[in-house]
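Accompanying notes for the structure given below.
Proteins get letters first, then strands, A, B, ... in listed order; numbering begins at 1 in each.
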Number of protein chains: 2
Amino acid sequence: MARSDTRYREAFNAILDFCATLAPGSLIPSEQTLSERTNVSRTVVRRCLARLQEHGVISWQGREKVLLRMPVRNDRLEIGALKVSPEDLEGRFLDWILRFDIPAGTPLSIADLSRKFEVPQHELKEFLAGLSRFGLVARRPKGGWRLSGFTADFAVELSDFRALLELNAVRQAANAPPDDPFWSALSDLRSAHVSLSKRIDTDYHSFSGLDEQFHQRINGIVRNRFFKEFQKVISLIFHYHYLWNKADERERNAAAIEEHLAIIDALEARDADGAVVAARRHLDTSKMTLLSSLRYHELA
Amino acid sequence: MARSDTRYREAFNAILDFCATLAPGSLIPSEQTLSERTNVSRTVVRRCLARLQEHGVISWQGREKVLLRMPVRNDRLEIGALKVSPEDLEGRFLDWILRFDIPAGTPLSIADLSRKFEVPQHELKEFLAGLSRFGLVARRPKGGWRLSGFTADFAVELSDFRALLELNAVRQAANAPPDDPFWSALSDLRSAHVSLSKRIDTDYHSFSGLDEQFHQRINGIVRNRFFKEFQKVISLIFHYHYLWNKADERERNAAAIEEHLAIIDALEARDADGAVVAARRHLDTSKMTLLSSLRYHELA
DNA sequence: GATAACGTTTTTTATTATAAAGTGCAGTCT
DNA sequence: AGACTGCACTTTATAATAAAAAACGTTATC
């Protein structure tokens with residue numbers, strides 16, 4: 001019923017490592033200095049020093065801390081489970097939803113998910129609270145959560161919203177200054193697309209990554225935190241969806257490459273309207289793919 | 001260290017009220033029926049029945065539950081603190097930020113806020129986790145939260161994003177079918193604007209409400225959960241900001257009414273391009289107002 | 001013999017208690 | 001005077017737990 005002491009354990013080992021660089025008899029820096037170096041509060045540093053003293057590694061009296069002996073392997077503290085990053089949780093959650101085709105309306109059990117993903121319950125609660133802002137999950141009347149996304153309606157609305165954001169980005173991209181690093185990156189992307197196009201019959205799987213790179217490049221033009229936040233979720237959902245929709249993968253990807261190239265052509269010609277038209281065509285295809293993959297799953 | 005029993009208390013009183021409608025000697029419906037009526041699980045219903053039996057209000061044996069006596073005032077259970085809605089918290093939080101001019105970067109203490117708003121800590125955590133998705137707050141490296149919004153950058157990005165969404169809505173509105181209830185609502189809004197315009201010198205305060213109505217009407221055209229979710233936050237921020245920016249309020253509001261009317265004119269003429277132009281002008285003014293009010297506060 | 005209700009057990013959620021970590025300040029040492 | 005420590009206080013992250021919900025046989029009723 002308290003927080004974990006991973007911080008302390010990591011700091012202790014860090015200080016131990018630091019001691020290993022000194023010779024016995026050396027003075028050890030101040031608590032403040034150590035706390036800055038280990039990125040941890042003075043309270044933790046003091047706890048570490050106390051342990052070092054207890055184990056006879058240092059002597060500690062007031063502000064005089066002296067290294068008595070070199071630290072050995074056995075002095076180190078074990079560090080338990082490694083922390084999972086929020087992004088990782090995000091990905092695994094969407095992956096799970098799509099992989100097992102969780103239907104809209106399914107109650108989500110925090111306890112269950114917490115076991116499944118090996119993440120503390122309160123982290124999951126925070127995570128779901130965040131997703132609820134995007135309408136992907138919602139609170140149930142009698143407590144708990146419910147998956148509300150991944151219906152046809154959801155897909156249409158998601159695609160429409162994505163189109164609004166991305167067409168805006170395309171328009172801005174076309175008007176980017178000539179010395180913007182965007183242009184050289186775009187030229188690299190063109191080469192990558194042409195190259196993949198040639199070996200599409202065998203390498204069509206690797207399009208997924210290229211697709212994400214391409215869209216990220218376009219959207220990266222817009223310097224807007226709201227835009228970026230949303231784009232992150234959108235691309236995540238599309239990414240995972242495509243990953244799990246295997247129908248006609250080769251044909252779909254070959255077609256998408258052509259559509260991407262059309263957008264690149266228009267952009268490099270600084271033809272904003274043309275780029276928007278090409279992008280709209282591509283986004284429409286995307287929308288249809290997302291919808292048909294949902295329909296496919298509904299029938300299954 | 002357990003959840004509150006408000007649910008039980010409310011259900012108990014509800015069942016008591018129901019008993020009051022019966023005559024002594026009557027049979028009481030099944031546990032399931034009661035649970036459906038009180039919107040509560042059977043477990044809670046059984047707890048209520050047990051208490052009723054204990055207090056001699058009913059007899060209870062298997063599925064035979066009989067009302068023994070009429071319930072009296074003293075049988076009722078006290079209900080503690082009333083639940084605050086998440087929307088309420090949202091409003092109060094933004095209000096607090098603006099009222100006290102909390103600068104960007106300020107650490108937010110859950111413990112402190114929880115006392116201030118009289119909301120359990122875990123609810124605040126969820127709330128902040130939601131806001132973090134909009135970039136309004138962020139986690140601090142060593143734990144806790146930090147207010148990251150309400151800088152000039154933030155205001156610009158927020159306004160730009162708002163403009164993107166709202167111009168899209170205006171364009172859609174102009175193309176709404178003639179029988180859409182939107183048109184009659186718009187006509188009502190025109191009257192309200194004209195009326196307020198005439199008594200602007202005295203009633204300029206009441207523009208805030210009308211402004212919200214107007215924008216909500218326009219944005220209501222778009223049937224898209226992402227759009228709506230974002231619009232909610234945006235309008236909340238603008239709303240509270242305007243509420244606290246008192247400089248030139250009369251002039252600002254008078255000008256805004258004219259700008260609204262220009263948008264209405266263009267919409268009623270089904271002139272999509274004209275409406276977008278008028279809306280862009282209005283949104284630009286809004287952006288400037290938001291920015292200048294921030295600057296004003298920074299200097300103070 | 002099907003359906004609805006009950007009694008009981010298991011699971012899950014909301015809330016609190018608490019150890020760990022962080023913060024601030026008065027006083028001390030150099 | 002400036003940096004450092006000792007100590008008290010505050011805040012956060014997390015586990016423990018009572019309340020509520022859900023699941024599951026069993027029993028009564030039509």
Of A:Thr33 and B:Gly144, the one whose nearest nucleotide on DNA chain D sits closer to the 5' end is A:Thr33

To the nearest angstrom, the CZ-P distance between A:Arg146 and C:dT13 comes to 14 Å

To the nearest angstrom, the NZ-P distance between A:Lys65 and D:dA3 comes to 16 Å

Taking for A:Glu64 and for B:Trp145 the nucleotide of DNA chain D with the nearest heavy atom, the one nearer the 5' end belongs to A:Glu64

The contact string for nucleotides 20-30 of chain C, one letter per nucleotide 5' to 3', using protein heavy atoms under 4.0 Å with B, S and - for base, sugar-phosphate only and none, comes out as BSBBB---BB-

Subject >> Basic-acidic side-chain contact under 4.0 Å: A:Arg133, B:Glu90 >> reply: yes

Closest non-hydrogen atoms of A:Val66 and A:Gly25, given as atom of the first, atom of the second and distance, are CG1-O, 3.4 Å

note: B:Arg46, atom CZ; C:dT10, atom P; distance rounded to Å ~ 16 Å

Quick one: sort the A:Phe230 and B:Phe230 rings into parallel, tilted or perpendicular, breaks at 30° and 60°. tilted

### Task
Could you tell me whether the side chain of B:Lys142 reaches within less than 4.5 Å of the side chain of A:Arg7, counting heavy atoms only?
yes

Note: B:Lys232-B:Glu229 ion pair, threshold 4.0 Å (strictly below):
yes

A:Gln32 CD to D:dG2 C1', in whole Å, measures 11 Å

Which of B:Phe93, B:Trp145, B:Phe117 passes ring-ring contact (aromatic ring centres under 6.0 Å, His included) with B:Phe127? It is B:Phe93

Here the distance between atom P of C:dC6 and atom CD of B:Gln61, to the nearest Å, is 13 Å

Taking the side chain as everything from C-beta on, heavy atoms only, tell me whether A:Glu10 gets closer than 4.5 Å to A:Val40. no

**Request:** Could you label the plane-to-plane angle of the A:Phe161 and B:Phe226 rings as parallel, tilted or perpendicular, counting under 30° as parallel and over 60° as perpendicular?
**Result:** tilted

Residues of residues 103-135 of chain A with a heavy atom under 4.0 Å from any atom of DNA chain D, listed by number, are A:His122

Rounded to whole Å, CD of A:Gln53 lies from P of D:dT5 at a distance of 13 Å

Rounded to whole Å, the CG-P distance (B:Leu34 to C:dA4) equals 17 Å

From CG of B:Leu27 across to C1' of D:dT29 the rounded distance in Å is 14 Å

Salt-bridged, B:Glu78 to B:Arg9, with N to O below 4.0 Å? no

